[in-house]
2 protein chains.
Amino acid sequence: MKEFENKKVSIKDVAKAVGVSTTLVSLVINGKAKQYRIADEMAGRVMAKVKEMNYTPNLMARNLRGGKTQLIGLIVTDISNPFFSMISRVIENRANELNYTVIFGSSDEKYTNTQKLIDVLLNKGADGLIIVPCDGSERIMEKLHLNKTPIVLIDRCFKNIDISFSCLDNHRATVIATQHLIEQGFRKISLIAYQSQMSNVMDRISGYKDTMRKAGLEKQINVKQVSFSNTKSDVFGTVKRFVEKDKTEAILFSTNMLSIHGLTCLKEMNVKIPDDVAVVGFDESDVFDLYECPVSYIKQPVEQIGKTAVDILVDKIKNGESTKQSMAVLEPELIVKRSSLRNG
Amino acid sequence: MKEFENKKVSIKDVAKAVGVSTTLVSLVINGKAKQYRIADEMAGRVMAKVKEMNYTPNLMARNLRGGKTQLIGLIVTDISNPFFSMISRVIENRANELNYTVIFGSSDEKYTNTQKLIDVLLNKGADGLIIVPCDGSERIMEKLHLNKTPIVLIDRCFKNIDISFSCLDNHRATVIATQHLIEQGFRKISLIAYQSQMSNVMDRISGYKDTMRKAGLEKQINVKQVSFSNTKSDVFGTVKRFVEKDKTEAILFSTNMLSIHGLTCLKEMNVKIPDDVAVVGFDESDVFDLYECPVSYIKQPVEQIGKTAVDILVDKIKNGESTKQSMAVLEPELIVKRSSLRNG
DNA sequence: CTGAAAGCGCTTACAG
DNA sequence: CTGAAAGCGCTTACAG
């Protein structure tokens with residue numbers, strides 16, 4: 001049965017079948033028939049044979065010849081984190097629309113892993129990279145950029161390097177959340193963030209601090225940064241301290257995992273939300289709606305962030321403008337539920 | 001600055017630097033020095049230069065030459081579904097350990113998408129595929145298998161084709177869940193599953209039915225299959241009917257999304273769990289622990305399923321035994337929380 | 001023990 | 001308008 005045949009047909013096979021040279025076939029396939037003034041009839045015959053024989057060019061060979069692989073390398077910190085799996089799906093969809101496929105890896109927030117993954121993905125022929133950079137990876141990114149590797153950062157960026165990125169307006173995110181809590185009448189508002197120097201974390205912290213200061217609540221500023229490695233127990237310790245010792249009135253969690261750990265802790269402590277403590281979470285999670293008290297949260301425009309990143313990257317790949325910096329800063333949205341209302 | 005140089009060093013560069021032929025370098029790199037009785041001193045010099053020049057072989061060229069890409073193609077139904085993103089992470093980790101990288105795509109349960117993705121992934125040079133097959137994809141898988149493409153199915157399999165797979169013991173999963181509910185004294189136990197002919201769904205349904213029959217509860221069997229496209233509203237309609245009309249005492253949800261939609265509905269309906277209705281969910285979710293009443297669930301051995309799939313696949317790729325069928329059927333675990341206890 | 005040469009499948013100057 | 005040939009970077013018979 002023909003359809004079960006194993007070996008792929010090559011351009012040679014097509015050429016032989018039509019009775020022309022491989023050059024001709026190649027030209028026709030690549031839409032250069034007009035340019036080389038190949039007879040329409042000829043081009044038609046070739047295309048017909050290509051269809052008939054179900055020929056698809058070997059990408060490895062094409063790439064080797066100097067072309068592209070149509071492969072986009074994606075490095076997230078952890079594909080199993082819902083936020084990153086959502087954004088991966090968006091990236092996948094947009095990439096597919098533009099005829100690209102995604103190869104990926106998870107860095108676990110370690111720059112050594114990031115470096116390894118970059119090497120691997122480029123070695124596999126990725127035409128460009130979309131990266132969630134982590135602490136300590138600034139020089140790595142700079143190097144890539146200087147090397148003119150097409151690259152777009154997502155979720156976080158570096159202010160001192162002119163690499164393109166597609167990120168949330170992180171400062172604004174905590175500004176609107178903090179404002180909302182202040183408007184609700186809360187004063188002792190505390191923030192939990194990761195222990196990181198990355199822009200997303202720093203901006204979320206400064207958005208909170210700036211807003212507190214502007215409201216004359218400088219004295220109430222209370223930020224705790226927890227480690228990546230010990231997140232759960234750190235969050236538990238922090239939440240307990242906030243509630244029991246600091247008498248915090250409202251807690252702002254600055255990522256989805258921090259929110260979930262925090263909510264778990266609050267539940268175990270039997271804290272009533274929002275009566276005892278108000279809460280605002282970050283990113284989306286099924287948990288927010290299904291928690292005893294529906295949880296307010298800052299929603300990221302995941303669709304836009306992902307799609308924009310792909311578009312910028314593909315533009316770089318195609319037009320060779322890998323150096324031109326594109327900066328996409330996207331708007332957060334505050335979804336208000338009962339957890340952050342004064343009289344919820 | 002040397003480290004910023006763009007062009008990659010090739011085997012030729014190394015050969016020239018050492019003053020030997022590319023053949024020699026290639027042999028040494030590929031660990032065939034002994035086999036070809038190359039002088040240790042020579043091999044040492046070559047390796048030193050390789051390190052010094054930071055040479056890594058071009059995979060495209062290697063693959064073109066007849067070798068492999070060290071790329072594993074992964075097709076899930078949706079990378080943003082937590083269950084699949086978790087398993088993707090496991091697959092990624094194991095693949096990396098074995099020196100493979102993952103390219104992936106989401107089929108959205110459509111066999112036409114599956115076919116397209118297979119073509120794309122193979123065209124990009126994937127050495128083998130790990131696939132979550134969907135309804136209507138049986139012939140596609142059979143064809144791949146006959147073509148001797150290394151392939152392993154996960155999550156679901158086809159009983160009539162001898163393709164390798166790594167799956168949960170789906171029948172056993174609902175058997176232990178149903179038994180547990182019966183032991184707790186529930187009689188009117190209902191099941192919600194997807195509208196699908198795939199093995200995972202069919203086995204979960206039959207595990208439930210068999211157990212009900214064995215317990216003399218044949219008359220109480222109540223299964224509703226909901227569509228993939230309209231899942232949420234279908235689940236809502238079903239749960240309402242179960243509770244209000246059928247007076248169901250316990251609901252068994254047979255996937256994570258069904259569980260989450262179901263719990264959302266029960267919450268909206270203000271149903272008390274487990275007093276009004278007992279519940280057992282499927283797969284893991286942060287929601288289960290944080291729901292008003294902690295939810296019992298059937299836990300899949302995600303680690304094992306993913307790791308086994310990779311191991312089987314790589315064995316096929318390396319040893320060319322793509323035809324030999326390996327069947328991994330892994331044990332479910334029932335995690336009991338308050339939601340399924342008679343006097344919870 | 002080591003090297004010259006072919007060839008994987010493709011594209012693209014270069015000729016005609 | 002069309003074809004012969006080089007070359008992308010690699011591996012592997014084949015010689016010696």
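Chain letters run A, B, ... following the sequence lines, proteins first and then strands; every chain starts at 1.
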Gap between atoms [atom1] and [atom2], on [X] and [N] respectively (whole Å):
{"X": "B/Asp13", "N": "D/dG9", "atom1": "CG", "atom2": "C1'", "result": "10 Å"}
{"X": "B/Asn58", "N": "D/dG7", "atom1": "CG", "atom2": "P", "result": "18 Å"}
{"X": "B/Arg65", "N": "C/dG7", "atom1": "CZ", "atom2": "P", "result": "10 Å"}
{"X": "A/Met60", "N": "C/dG7", "atom1": "CE", "atom2": "P", "result": "23 Å"}
{"X": "B/Leu64", "N": "C/dC10", "atom1": "CG", "atom2": "P", "result": "9 Å"}
{"X": "B/Lys12", "N": "C/dG3", "atom1": "NZ", "atom2": "P", "result": "15 Å"}
{"X": "B/Gln35", "N": "C/dT2", "atom1": "CD", "atom2": "P", "result": "15 Å"}
{"X": "A/Arg62", "N": "D/dG9", "atom1": "CZ", "atom2": "P", "result": "19 Å"}

* Phosphate OP1/OP2 of C/dT11 contacted by A/Asn30 side-chain N/O (<4.0 Å) ->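 So the side chain of A/Asn30 is within the cut-off, an N or O lying under 4.0 Å from OP1 or OP2 of C/dT11.
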| message | Any side-chain N or O of A/Asn63 below 4.0 angstrom from OP1/OP2 of C/dC10? | response |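 The answer is no; no side-chain N or O of A/Asn63 sits under 4.0 Å from OP1 or OP2.
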Test item: side-chain donor near acceptor, [X] and [Y], under 3.5 Å:
{"X": "A/Thr101", "Y": "A/Gln70", "value": "no"}
{"X": "A/Lys159", "Y": "A/Ser199", "value": "no"}
{"X": "B/Asp78", "Y": "B/Ser80", "value": "yes"}

Here DNA chain C, pairs taken as Watson-Crick or G-U under 3.5 Å and shown with ( ), [ ] when crossing and | when to another strand, reads |||.||||||||.|||
Quiz item: Among C/dC1, C/dC10, D/dT11, which nucleotide sits nearest the side chain of B/Ile11?
Solution: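 Selected nucleotide: D/dT11.
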Item to check | Those residues that, when tested against B/Phe104, pass ring pair (Phe, Tyr, Trp, His ring centres under 6.0 Å) (two or more places apart) | outcome: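 Counting only residues at least two positions away or on another chain, B/Phe104 forms a ring pair (Phe, Tyr, Trp, His ring centres under 6.0 Å) with A/Phe104.
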- Message: Is it the case that atom OH in A/Tyr111 sees more than 12 heavy atoms from other parts of the structure closer than 6.0 Å?
- Response: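 No - once you tally the heavy atoms of other residues, nucleotides and ligands closer than 6.0 Å, there are 12 at most.
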Worksheet item: Just wondering, do B/Phe158 and B/Glu142 contact through their side chains at under 4.5 Å, heavy atoms?
Response: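 Heavy-atom side-chain distance check fails, nothing below 4.5 Å.
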(message) Within residues 16-27 of chain A, which residues have any heavy atom lying less than 4.0 Å from an atom of DNA chain C?
(response)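 Only A/Thr23, A/Ser26, A/Leu27 qualify.
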Practice prompt. Assign each of B/Ala61 and B/Tyr36 to its nearest nucleotide of DNA chain C by heavy atoms, then name whichever residue's nucleotide is nearer the 5' end.
Written response: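 The residue whose closest nucleotide sits nearer the 5' end is B/Tyr36.
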Reading DNA chain C from 5' onward, which residue's closest nucleotide shows up sooner: A/Lys32 or B/Arg37?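 The answer here is B/Arg37.
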**Prompt:** Which part of the nucleic acid does B/Lys34 contact within heavy-atom distance under 4.0 Å: base, sugar-phosphate only, or nothing?
**Reply:**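 B/Lys34: no heavy atom of the nucleic acid under 4.0 Å.
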**Q.** Ion pair check, B/Asp119 and B/Lys124, cut-off under 4.0 Å
**A.**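 B/Lys124 and B/Asp119: not salt-bridged.
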**Prompt:** Does A/Lys324 come within less than 4.0 Å of A/Asp162, counting only side-chain N to carboxylate O?
**Reply:**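 Judged by the 4.0 Å cut-off on N to carboxylate O distance, A/Lys324 and A/Asp162 do not form a salt bridge.
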- prompt: Nearest 0.5 Å, what's the OG-NZ distance between B/Ser21 and B/Lys12?
  reply: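 Separation between the atoms: 12.5 Å.
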